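Naming: A, B, ... by sequence-line order, numbering from 1 per chain. Keep in mind that what you see is a predicted model, and the values were worked out from it rather than measured.
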Number of protein chains: 2
Amino acid sequence: MSSTPEPTPARLRAIPSRLLAGAAIVADRLVGERLAAEGAHKWHFAVLVALAEAGAASQAELSRRTGIYRSDMVAVLNELADGGCIRREPDPADRRRNVITLNPTGRRRLERLDALIADAQRELLAPLTPGQQDSLVRLLTVLTEHHRPPHPRPHDAR
Amino acid sequence: MSSTPEPTPARLRAIPSRLLAGAAIVADRLVGERLAAEGAHKWHFAVLVALAEAGAASQAELSRRTGIYRSDMVAVLNELADGGCIRREPDPADRRRNVITLNPTGRRRLERLDALIADAQRELLAPLTPGQQDSLVRLLTVLTEHHRPPHPRPHDAR
DNA sequence: TACCTTCGTTAGTGTCACGAACGTTTGGGC
DNA sequence: GCCCAAACGTTCGTGACACTAACGAAGGTA
C-alpha cells in the first residue's frame with residue numbers, strides 16, 4: 001500500500017515569490033536553450049540591443065543600460081569582440097573608458113538572436129491569451145519599477 | 001560634456017523573461033532578508049508547510065511536494081532536526097525511507113516563518129491593487145502549470 | 001597640490017538548480 | 001526462492017548567476 005503522492009500544497013503554490021521563482025526558471029531555460037544552440041548567451045543579446053538602441057557607449061554605460069555588472073561585462077565584451085560583433089577602442093576624450101561600437105556583423109548577430117529570443121518568449125507565453133500576456137508584462141513592469149534603488153546609487157555602477 | 005546616462009532600452013525592458021528574472025530576484029531578496037534575520041531559510045518554510053498540510057512523509061515525498069531536490073533536502077532536514085522542528089526516524093515499514101514528522105516546536109516555527117513570508121509578499125505586491133495581485137498570481141500559475149514535465153518523470157525524484 | 005570619483009579589470013564569494021554515483025532496501029516477474 | 005529494476009538517503013560536484021572587493025589608471029575639482 002504505497003501512499004498516493006501528495007501534490008504541492010495549495011498554501012505553497014499560492015505564494016507569489018515562489019511562483020515568480022518558478023516562472024523565472026522556466027523562462028531562463030527556454031531562452032538559454034535556444035541561445036546555447038547558437039553558442040550565444042543571454043547577456044550578449046542584452047548588450048547588442050543596448051548598443052543598437054542607444055548607440056556606442058563605454059562599458060560602464062552598457063552596464064547601466066543592461067543591468068549586467070561591469071565586472072561581468074568584461075567577459076561578455078571579450079566574446080562579442082572575438083565574434084567580430086563589436087569594436088572596442090580606448091576613448092580619446094577620456095582615456096579611462098573604452099568606446100564600444102556595434103558593427104555590421106554585430107547587427108546581423110542581433111537580428112538572429114532577436115528571432116531566437118522572440119521564439120522563446122512566444123513559447124513561454126503560449127498558455128496565455130494576448131490580453132493576458134500584456135497584462136502580465138504590465139504587472140511585472142510595475143512591480144520591478146517599484147522595487148529598485150530609488151536613486152541610481154551613490155557611486156560605483158553595477 | 002558628459003553624455004546623459006541612457007536608461008535601459010524599451011526593447012529590453014519589454015522582454016517577459018527579463019522581467020520575470022528581475023521580479024524573481026527582488027522577491028527572493030525580500031523573502032531571504034526577512035528569513036535570514038531569523039536564521040531561517042526559504043526551504044525550511046516549504047518543508048514545514050508540506051508537513052503541516054499533508055502530514056508526515058519520507059524525504060523523497062517532501063522533495064516532490066516542495067520541489068526541493070532530494071540531494072538538497074538532506075541539509076534542510078538536518079537543520080530542521082537540529083532546531084528541534086522535526087523528528088526523523090527510519091520507517092519500520094520500508095527501511096529505505098525516513099519518516100519525517102512535524103512536532104510542536106516545528107509547528108510554532110512554521111507560524112513564525114509564515115508571518116515573515118506573508119510580510120514579504122505584502123511588501124513585494126505593495127505597488128499592485130488587490131485585483132492586480134490576484135491577476136498576477138493567476139497568470140503565473142497558468143504559466144508554471146503549463147511548463148512542467150508532463151508526467152512526473154520516468155523515475156528518480158528531484 | 002590633494003582628494004575623491006569613475007573606469008576597466010581581476011579575483012573571489014555565496015546561493016541555487018541540478019546531476020552522478022554509491023550502497024541499501026524493496027517489490028515484481030519468473 | 002532468485003534476479004533485476006527501481007526507489008531511497010546521502011555525498012560530492014558542477015555551472016550559472018548576482019554581487020563585492022580591490023587595484024591601477026585617469027579625470028574633475030578645490
| request: Identify which nucleotide among C/dA20, D/dC8, D/dC17 has an atom closest to any side-chain atom of B/S71, counting heavy atoms from C-beta outward. | output: C/dA20
| note | Closest of D/dA22, C/dC16, D/dC8 to the B/K42 side chain is C/dC16
From [atom1] of [X] over to [atom2] of [N], roughly how many Å is that when rounded to an integer?
| X | N | atom1 | atom2 | value |
| --- | --- | --- | --- | --- |
| A/Q59 | D/dA26 | CD | P | 16 Å |
| A/N78 | C/dT9 | CG | P | 7 Å |
| B/E33 | C/dG14 | CD | P | 17 Å |
| B/R29 | D/dC17 | CZ | P | 17 Å |
| B/I68 | C/dT15 | CD1 | C1' | 14 Å |
| B/D28 | C/dG14 | CG | P | 18 Å |
| B/L20 | C/dA17 | CG | C1' | 17 Å |
| A/M73 | D/dC17 | CE | C1' | 14 Å |

| message | Go nucleotide by nucleotide along DNA chain D from the 5' end; which of B/I25 and B/S58 gets its closest nucleotide reached first? | response | B/S58
| request: Go through the steps to decide whether B/R34 and B/E123 satisfy the test salt bridge (charged side-chain N to carboxylate O under 4.0 Å, His left out), and finish with yes or no. | output: CA-CA 11 Å; B/R34 283 183 157 82; B/E123 185 176 350; 2.8 Å; yes
| message | So B/L12 and B/R18, do their side chains get closer than 4.5 Å, heavy atoms only? | response | yes
| said: Less than 4.5 Å apart, side chain to side chain, heavy atoms only: is that true for A/Q121 and B/I15? | reply: yes
Is there a side-chain polar atom (N or O) of [X] under 4.0 Å from OP1 or OP2 of [N]?
| X | N | result |
| --- | --- | --- |
| B/H41 | C/dC16 | yes |
| A/R64 | C/dC7 | yes |
| B/Y69 | C/dC18 | yes |
| B/N98 | D/dT10 | yes |
| A/R88 | C/dG8 | no |

| Minimal non-hydrogen separation, B/C85 against B/L102, with atom names | O-CD1, 3.7 Å
For nucleotides 23-27 of chain C, give me every protein contact, N/O to N/O, under 3.5 Å, one pair per line with atom names.
residue: C/dT26; atom: OP1; partner: B/R95; partner atom: N; Å: 3.0
residue: C/dT26; atom: O4'; partner: B/R96; partner atom: NE; Å: 3.4

| query | Using a distance-only test with no angle check, is there a side-chain donor-acceptor pair under 3.5 angstrom linking A/H44 and A/E79? | reply | yes
| query | Looking at residues at least two apart in the chain, or sitting in another chain, which of them share a side-chain contact (heavy atoms from CB on, under 4.5 Å) with B/R88? | reply | B/Q59, B/V74, B/L77, B/N78, B/N98, B/I100
| field | Ionic contact status for A/R64 with A/E61, cut-off 4.0 Å | value | yes
